[in-house]
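Excluded from the calculations below are hydrogen atoms, water molecules and symmetry mates; all remaining heavy atoms, backbone and side chain alike, are included. Note that the structure is predicted; figures quoted are calculated from it, not measured.
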Amino acid sequence: MNTEQKVGLILLIFCLIMWFLIIPAEVAGWRASIYPRIGVLWTAISAVLLIISSRKGTSKRISFRLKELTRVAIITIILFVYFFMIDFLGFYIASILVLIVVMFIFGVEDWRILILLPILLVLFLYFLI
């Protein structure tokens, strides 16, 4: 059994524990348990696919480069700061600013897209909700 199969098996056991023990004991009512159960089901399907793909030998090793890891760390810090910015600036302005910064980090250089897309997305959310 290789490492990927072990990780898949551990995830599958975790999902079974969550599904049968933790969710029924900690979540009141079937309506409140829908979202946790969807998350557990999604994780279980991913674990089964990981076990199957590693058994066939078709899984590929993922190599992380320093640039991608740095980008992930920066975006994690930005989202952490965003959480606190909402109290000061409000949801809409903070969301627009964070979207602009994240898009810039991902390499969007056209200023029209960089400004208009976050504004349109936040307006869409405003009218949707």
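Here the side chains of I78 and I74 are in contact, with some heavy-atom distance below 4.5 Å.
Hydrophobic clustering of Ile, Leu, Val, Met, Phe, Trp and Tyr side chains at less than 4.5 Å, counting indirect connections, keeps I10 apart from M18. Both I86 and V81 belong to a common hydrophobic cluster when Ile, Leu, Val, Met, Phe, Trp and Tyr are linked at side-chain heavy-atom distances under 4.5 angstrom. Two different hydrophobic clusters hold L116 and F127 under the rule that ILVMFWY side chains link at heavy-atom gaps under 4.5 Å. L123 and L121 fall within a single hydrophobic cluster, where Ile, Leu, Val, Met, Phe, Trp and Tyr are joined by side-chain heavy atoms under 4.5 Å apart, directly or via other members.
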Using distance only, find each side-chain donor-acceptor pair of residues 24-34 under 3.5 Å and give its atom names and separation, not counting sequence neighbours.
from : atom 1 : to  : atom 2 : distance (Å)
S33  : OG     : W30 : O      : 2.9

Just distance, no hydrogens or angles: give the donor-acceptor pairs under 3.5 Å from side chains in residues 38-47, sequence neighbours left out.
from : atom 1 : to  : atom 2 : distance (Å)
T43  : OG1    : G39 : O      : 2.9
S46  : OG     : W42 : O      : 3.0

For residues 88-105, which side-chain donor-acceptor pairs fall under 3.5 Å, sequence neighbours excluded?
from : atom 1 : to  : atom 2 : distance (Å)
S95  : OG     : Y82 : OH     : 2.7
S95  : OG     : F91 : O      : 2.6

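Every residue meeting the salt bridge (charged side-chain N to carboxylate O under 4.0 Å, His left out) condition with D110, not counting sequence neighbours, appears here in chain and number order: R112. Residues that satisfy the ring pair (Phe, Tyr, Trp, His ring centres under 6.0 Å) test with F80, not counting sequence neighbours, are F84.
Atoms CH2 and CD1, on W111 and I115 in that order, are 8.0 Å from each other to the nearest 0.5 Å.
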Test side chain to side chain contact (heavy atoms under 4.5 Å, CB included) on N2 and Q5 and set out the steps. CA-CA 5 Å; N2 63 22; Q5 290 174 331; 3.2 Å; yes
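When every heavy atom of T76 is checked against every heavy atom of V72, the shortest pair comes out as OG1-O, 2.7 Å.
If you chain together ILVMFWY residues whose side-chain heavy atoms come under 4.5 Å of each other, L120 ends up in a group of its own.
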